[in-house]
2 protein chains.
Amino acid sequence: MDQQTKNTPRKKRLSSEERRKEFISKAIEFFAEEGFESSTRELARYLGVTQPLLYRYFPSKDDLIKEVYQTVYLSRWQEEWDVLLCDRSIPLRARLQEFYEAYTDAIFTREWMRIFLFSGLKGVEINRWYVGLVNERILNRILNEFRVEAGQKNPKPPSAQELELAWVMHGGIFYYGVRKHIYETPVLEDKSRMISDALDLFLKGIGDAFPTGLKE
Amino acid sequence: MDQQTKNTPRKKRLSSEERRKEFISKAIEFFAEEGFESSTRELARYLGVTQPLLYRYFPSKDDLIKEVYQTVYLSRWQEEWDVLLCDRSIPLRARLQEFYEAYTDAIFTREWMRIFLFSGLKGVEINRWYVGLVNERILNRILNEFRVEAGQKNPKPPSAQELELAWVMHGGIFYYGVRKHIYETPVLEDKSRMISDALDLFLKGIGDAFPTGLKE
DNA sequence: GCTAGTATTTATCAATTGATAAACAGGAGC
DNA sequence: GCTCCTGTTTATCAATTGATAAATACTAGC
């Protein structure tokens with residue numbers, strides 16, 4: 001409705017841009033399933049177009065793949081999570097529960113998990129960047145907030161051992177997604193419960209394991 | 001030395017079998033690095049032979065890959081671990097520490113980890129079989145032994161929730177290997193410490209979370 | 001040393017791959 | 001209705017793929 005208001009010469013171009021987006025989004029589905037080694041012809045068939053058409057939208061297969069990475073890796077993180085994790089008006093326990101439920105809702109899909117692991121095995125740079133993001137924006141923050149909640153004013157950065165423990169917790173939760181979407185093994189249906197138990201273990205454990213860190 | 005003792009007509013054949021084994025073992029290195037989509041020609045170059053020679057030893061590329069799976073998946077598990085995990089003359093905590101140190105020594109290699117994930121993404125049957133092995137021979141056993149040590153005579157099988165918690169612990173430890181050998185991210189150097197902390201969290205946590213399960 | 005059989009290589013096939021160029025189609029603007 | 005522009009397809013290339021057959025090199029056994 002109302003497509004021809006005034007002169008909007010970008011209409012054509014916008015449609016072209018939309019087409020591109022559509023290609024990328026279906027390419028994500030396709031590569032997630034078949035792996036990045038699969039051929040452009042099969043991808044084209046999946047898209048319902050001929051193979052040379054892809055080269056009108058992307059200079060090469062590699063460029064297309066890079067766009068797939070970009071979209072997958074960058075579109076899932078919600079800025080509000082940065083706020084949530086540091087919102088000291090909410091008890092840390094509740095913050096973490098809410099965060100991990102939302103975070104796993106975002107990444108526990110067959111698509112995201114498979115693209116993530118495929119790219120991890122390829123060793124592409126964006127994968128390492130993402131691991132760094134988890135490290136800084138999730139785990140270090142959690143450990144910092146834990147100290148603050150325990151009464152420390154200017155908490156020191158967490159030790160390597162503490163950080164490792166946070167990684168074990170995070171990895172344990174992440175591996176739930178791997179089992180479900182990669183191995184396709186039955187898992188406990190109640191994801192919230194799993195998160196809750198994992199967080200209980202972690203928060204209780206870290207308090208016991210590093211009691212000195214809290215009082216100084 | 002001493003190669004021609006008596007008449008050992010199997011010597012030729014043995015040598016042929018050895019060659020085969022050698023091919024498989026180097027194919028493991030190769031495919032772990034390059035992925036199973038890589039070509040037989042590149043594999044042959046890696047082996048220092050020509051490509052058609054491979055077809056004297058293996059009917060097809062797929063057969064070779066299957067042998068790679070077999071070797072990787074079946075050669076690492078030590079029968080003695082089955083004994084160790086159920087050896088009630090040793091405290092469970094010590095059993096678990098010893099087991100996980102040995103187990104991770106066996107599987108935390110770039111080779112094993114990459115082959116495992118590659119095959120997991122392909123969804124091959126042997127991968128699911130292995131996940132089942134972890135479930136029955138490690139996690140269910142641990143939970144059972146925990147109840148026995150807590151005084152139960154004929155422990156019921158663990159609940160799905162308990163099992164999930166064990167998976168989170170196991171997955172957390174496993175993910176340490178993924179981070180180290182797949183993502184190649186720095187991890188806490190002291191693997192034993194990581195295991196120890198992870199086990200502390202788990203054993204303490206499971207005792208607190210399921211106290212009723214222990215007394216009935 | 002000769003021979004037979006096995007290990008290995010050379011040559012080659014048909015299918016598939018990423019990529020390019022040229023032909024075609026269809027609609028917007030005059 | 002005609003033209004031009006852009007989205008799309010057809011035709012095609014050279015490189016690479018898994019696989020086979022024929023030729024050669026090698027070595028044990030006489």
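Worth knowing before you read on, the calculation uses all heavy atoms, side chains too, and leaves out hydrogens, waters and symmetry mates.
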Between side-chain atoms of residues 43-52 of chain B and protein atoms elsewhere (two or more places apart, or another chain), which donor-acceptor pairs fall under 3.5 Å?
{"residue": "B/Tyr46", "atom": "OH", "partner": "B/Glu29", "partner atom": "OE1", "Å": "2.5"}
{"residue": "B/Gln51", "atom": "NE2", "partner": "B/Thr40", "partner atom": "OG1", "Å": "3.2"}

Set out, line by line, the N/O atom pairs under 3.5 Å between protein and nucleotides 17-21 of chain D.
{"residue": "D/dT17", "atom": "OP1", "partner": "B/Ser39", "partner atom": "OG", "Å": "3.3"}
{"residue": "D/dG18", "atom": "OP1", "partner": "B/Thr40", "partner atom": "N", "Å": "3.4"}
{"residue": "D/dG18", "atom": "OP1", "partner": "B/Lys61", "partner atom": "NZ", "Å": "2.8"}
{"residue": "D/dG18", "atom": "OP2", "partner": "B/Thr40", "partner atom": "N", "Å": "2.8"}
{"residue": "D/dG18", "atom": "OP2", "partner": "B/Thr40", "partner atom": "OG1", "Å": "2.9"}
{"residue": "D/dG18", "atom": "N7", "partner": "B/Arg41", "partner atom": "NH1", "Å": "2.8"}
{"residue": "D/dG18", "atom": "O6", "partner": "B/Arg41", "partner atom": "NH2", "Å": "3.0"}
{"residue": "D/dA19", "atom": "OP2", "partner": "B/Tyr55", "partner atom": "OH", "Å": "2.5"}
{"residue": "D/dA19", "atom": "OP2", "partner": "B/Lys61", "partner atom": "N", "Å": "2.9"}
{"residue": "D/dA19", "atom": "N7", "partner": "B/Gln51", "partner atom": "NE2", "Å": "2.9"}
{"residue": "D/dA19", "atom": "N6", "partner": "B/Arg41", "partner atom": "NH2", "Å": "3.2"}
{"residue": "D/dA19", "atom": "N6", "partner": "B/Gln51", "partner atom": "OE1", "Å": "3.0"}

Quiz item: Applying salt bridge (Lys or Arg N to Asp or Glu O under 4.0 Å), which residue pairs with at least one partner in residues 55-75 of chain B are found, sequence neighbours left out?
Solution: B/Arg20-B/Glu67
Practice problem: Starting from P on D/dA22, measure out to CZ on B/Arg56 and report it in whole angstrom. | Solution: 12 Å
Exercise. Write out all pairs satisfying salt bridge (Lys or Arg N to Asp or Glu O under 4.0 Å) with one or both partners inside residues 169-178 of chain A, taking only residues at least two apart or from two chains.
Key: none
Quiz prompt | Spacing between A/Leu47 atom CG and D/dT9 atom P, to the nearest angstrom | solution = 11 Å
Quiz item: Between atom CG in B/Leu53 and atom P in D/dA23, what is the gap in whole Å?
Solution: 19 Å
Quiz item: Looking for any heavy atom pair under 4.0 Å, which part of the strands does A/Tyr57 touch: base, sugar-phosphate only, or nothing?
Solution: sugar-phosphate
Practice problem: Please determine if A/Glu136 and A/Arg141 form a salt bridge, counting it only when a charged side-chain N lies under 4.0 Å from a carboxylate O. | Solution: no
Quiz prompt | salt bridge (Lys or Arg N to Asp or Glu O under 4.0 Å): pairs with one or both residues in residues 68-79 of chain B, sequence neighbours excluded | solution = B/Arg76-B/Glu111
Practice problem: Could you check how far CD of B/Glu17 sits from C1' of C/dT6, rounded to whole Å? | Solution: 15 Å
Quiz item: Which one, C/dT9, C/dA7, C/dT8, comes nearest to the side chain of B/Thr50?
Solution: C/dT9
Quiz prompt | Sequence neighbours excluded - side-chain hydrogen bond (donor to acceptor under 3.5 Å, both in side chains) pairs with any residue from residues 171-180 of chain B | solution = A/Glu164-B/Arg179, B/Tyr175-B/Tyr183
Quiz item: For A/Arg45 and D/dT8, what is the distance between atoms CZ and C1' respectively, to the nearest whole Å?
Solution: 17 Å
